[in-house]
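Below: one structure, written as structure tokens.
Quick note: residue numbers are just sequence positions, from 1.
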Amino acid sequence: MGTLTSCSFSIGAANFKFRSSFRSCTAREGIGLLGFRRLKNSCFLCGKRSKRGRLLVSDGDFGRFVCFSSDNEGHNEGDREDDSPKESNAVMATVSAEEVEDRRGGEVDSEKTPPSISSRSSNLSPIGPAYNNFQVDSFKLMELLGPEKVDPSDVKLIKDKLFGYSTFWVTKEEAFGDLGEGILFLGNLRGKREEVFSKLQSQLVEVTGDKYNLFMVEEPNSEGPDPRGGPRVSFGLLRKEVSEPGPTTLWQYVIALLLFLLTIGSSVELGIASQINRLPPEVVKYFTDPNAVEPPDMELLVPFVDSALPLAYGVLGVLLFHEVGHFLAAFPKKVKLSIPYFIPNITLGSFGAITQFKSIIPDRSTQVDVSLAGPFAGAALSFSMFAVGLLLSSNPDAAGDLVQVPSMLFQGSLLLGLISRATLGYAAMHASTVAIHPLVIAGWCGLTTTAFNMLPVGCLDGGRAIQGAFGKGALVGFGLTTYTLLGLGVLGGPLSLPWGLYVLICQRSPEKPCLNDVTEVGTWRKAAVTLAVFLVVLTLLPVWDELAEELGIGLVTTF
């Protein structure tokens, strides 16, 4: 790539001659379909303004491009057939770098005005691809529907007013954002990163108002750490309407309400299923026999709804505690959260909820705090119900409230199975069924749901916590390991496949960067995240047959 100051050439009977100056183009300067600017009568090959022409399409190659122009009335090259150079503003040219060099020698002097070229004969064939009006309109529509880019005049103003010897010396600029809609300033830090970032944020508001968000991120492809310690940093600039999530719409409220109603139904269904030893035989056969095709009369389940409500209340209470924990941690940090979208599930009552950040997270410590607050609150309530339920299960006075469940239930979790075995004893656990209080089921389901949501993958609470505590690179490694264990059925047992599909569909993308995505969290936060992941593995790891037989957790049949 270099600088072309002038060129002249001819195609057939028409002589072409134009002057243009352009420099090396990068992705942020307008090359490609996503690089168009919303500037009238401008040439966009390198962001240079032109009085006459506008480059609408470039295939990203220096040696070949297509240039169109239009007059102030909106006529393009197909609208006019006037031979006067003053009245004709339509020019279409495709140029190859080699052909320019071949034809530069014997053509018309480069300083003269070109003759009329608007009448095109049949022997004039374009070298590059031609674009019709429909394609041009499509390109314009893509630009209009794309994200709003940073104003070049603002970029120059920010470089002059914000950056300098005392803050951050800019040496290079790159595209920033998912679609290159922002600017990433690379250079050398001139002070303590937190102090410089705070100063730049306040100056940005003074210079441009409430228009942009400034991000401090690790420098991509950095060759080494910063001499002052820690990673080298860069500063990204994005428009607020591009970087901040939009408000919750009416249809999203409707969807959230419908999902909550379905979750209530699935929780009641779980409460009814927990009374399997009391249900009518035809109902039990329909839900347990794969060959049963004739559905029973569902009115037979109505008498069992009242006795199913306590368990349903417990499951819903864990979900609400989880979300309240998120909101209580986010409120002091002025972080906005979306309404929760509960995910119904007939096995656990619910798979939890999807809660999105509705504002940019200020730093990684806040991300860890908000991510852990929900699971910790839900786990605290769940474990309380689980422990109280185990104590009531061994109390003879509560025998009338107990329900019979298969002992294989306790083989689904190594941690919870060991706690149950230690509380209920060998005689009670080494049987085909175990009599337990419904609170045990509610606590078990709550702890299992919390553990699933704390898996270190994607945008789950565990994924957000890992990303905030150890960085995005660590999340990639944890995520691949988690997907592998779920795919092999090592974690979660029979629920590993549906949960893995749910994460892939709804929660696979990591959280977006914080405003300060560089400053690391404290040691105790990293320790809390590590301990939480360790407890998650113990909760979702099933009890293998040899250990279950040795401890007397259920009846293990060998063939």
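When all heavy atoms are compared, the tightest approach of Pro510 to Leu475 is CB-CD2, 3.7 Å. Contact between Asn213 and Leu515 at its shortest, heavy atoms only, is CB-CD2, 4.4 Å. Taking all atoms of both residues into account, the shortest heavy-atom contact from Ala528 to Leu372 is CB-CD1, 4.2 Å.
Judged purely by atom type and a 3.5 angstrom limit, Thr450 has no side-chain atom pairing as donor or acceptor with the backbone of Phe376. Without hydrogens or angle criteria, Thr167 side chain to Leu162 main chain gives a donor-acceptor distance under 3.5 Å. Remark: side-chain polar atoms of Arg232 are paired, donor with acceptor, to backbone N or O of Gly187 under 3.5 angstrom.
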Steps toward side-chain contact (heavy atoms from CB on, under 4.5 Å) verdict (Ser234, Leu186)
CA-CA 5 Å; Ser234 302; Leu186 293 89; 3.7 Å; yes

### Message
As a quick check of understanding, evaluate side-chain contact (heavy atoms from CB on, under 4.5 Å) for Val217 and Leu184, giving each step before the final call.
### Response
CA-CA 9 Å; Val217 298; Leu184 181 66; 4.0 Å; yes

Q: Go through the steps for Gln467 and Gln367 under the test side-chain contact (heavy atoms from CB on, under 4.5 Å), then give the verdict.
A: CA-CA 9 Å; Gln467 182 179 347; Gln367 180 172 337; 3.8 Å; yes

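Separation of atoms CZ (Phe357) and OG (Ser371) is listed at 5.0 Å; rounding is to 0.5 Å. The CG atom of Leu157 sits 10.0 Å away from atom CG of Asp151, with the distance rounded to the nearest 0.5 Å. With values rounded to the nearest 0.5 angstrom, Ile339 atom CD1 is found 5.5 Å from Thr248 atom OG1. We find the CD-CG distance between Gln201 and Leu214 to be 6.0 Å, quoted to the nearest 0.5 Å. Leu319 CG to Thr263 OG1: the interatomic distance, rounded to the nearest 0.5 Å, is 7.0 Å.
Counting only residues at least two apart or on different chains, the side-chain hydrogen bond (donor to acceptor under 3.5 Å, both in side chains) pairs with a member in residues 356-365 are Asp363-Thr366. Sequence neighbours left out, the pairs with a member in residues 513-524 that pass salt bridge (Lys or Arg N to Asp or Glu O under 4.0 Å) are Glu520-Lys526. For the ring pair (Phe, Tyr, Trp, His ring centres under 6.0 Å) condition, no pair includes a residue of residues 453-479, sequence neighbours left out. Each ring pair (Phe, Tyr, Trp, His ring centres under 6.0 Å) pair with one or both residues in residues 189-210, not counting sequence neighbours, would appear here, but there are none. Pairs passing the side-chain hydrogen bond (donor to acceptor under 3.5 Å, both in side chains) check and including a residue from residues 499-515, sequence neighbours excluded, read Arg464-Glu511.
You'll find the side chain of Ser243 reaches within 4.5 Å of the side chain of Phe215, heavy atoms only. Residues Ile343 and Cys506 have side chains not in contact (no heavy-atom distance under 4.5 Å, counting atoms from C-beta outward). The closest side-chain heavy-atom distance from Leu238 to Tyr212 is not below 4.5 Å.
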Between side-chain atoms of residues 322-333 and protein atoms elsewhere (two or more places apart, or another chain), which donor-acceptor pairs fall under 3.5 Å?
residue: His322; atom: NE2; partner: His326; partner atom: NE2; Å: 3.1
residue: His322; atom: NE2; partner: Asp461; partner atom: OD2; Å: 2.9
residue: Glu323; atom: OE1; partner: Thr355; partner atom: OG1; Å: 2.6
residue: His326; atom: ND1; partner: Val370; partner atom: O; Å: 2.7
residue: His326; atom: NE2; partner: Asp461; partner atom: OD1; Å: 3.4
residue: His326; atom: NE2; partner: Asp461; partner atom: OD2; Å: 3.3
residue: Lys333; atom: NZ; partner: Asp369; partner atom: OD2; Å: 3.3

Donor-acceptor contacts, no H, no angles, side chain residues 203-211, under 3.5 Å, sequence neighbours left out:
residue: Thr208; atom: OG1; partner: Leu204; partner atom: O; Å: 2.8
residue: Asp210; atom: OD1; partner: Lys240; partner atom: NZ; Å: 2.2
residue: Lys211; atom: NZ; partner: Asp154; partner atom: OD2; Å: 2.7

May I have the list of side-chain donor-acceptor pairs in residues 452-459 shorter than 3.5 Å, sequence neighbours left out?
residue: Asn453; atom: ND2; partner: Phe351; partner atom: O; Å: 3.2
residue: Asn453; atom: ND2; partner: Thr449; partner atom: O; Å: 2.8

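Considering only residues two or more places apart in sequence or on other chains, Tyr165 meets the ring-ring contact (aromatic ring centres under 6.0 Å, His included) condition with Trp169. For Lys172, the salt bridge (Lys or Arg N to Asp or Glu O under 4.0 Å) partners two or more places apart in sequence, or in a different chain, are Glu174. In this structure Glu218 satisfies the salt bridge (Lys or Arg N to Asp or Glu O under 4.0 Å) test with no other residue, sequence neighbours excluded. By the ring-ring contact (aromatic ring centres under 6.0 Å, His included) test, Phe168 is found to be paired with Phe163, Phe235, residues two or more places apart in sequence or in another chain being considered.
In summary, the side chains of Glu194 and Asn516 do not present any donor paired with an acceptor at a separation below 3.5 Å, with no hydrogens or angles considered.
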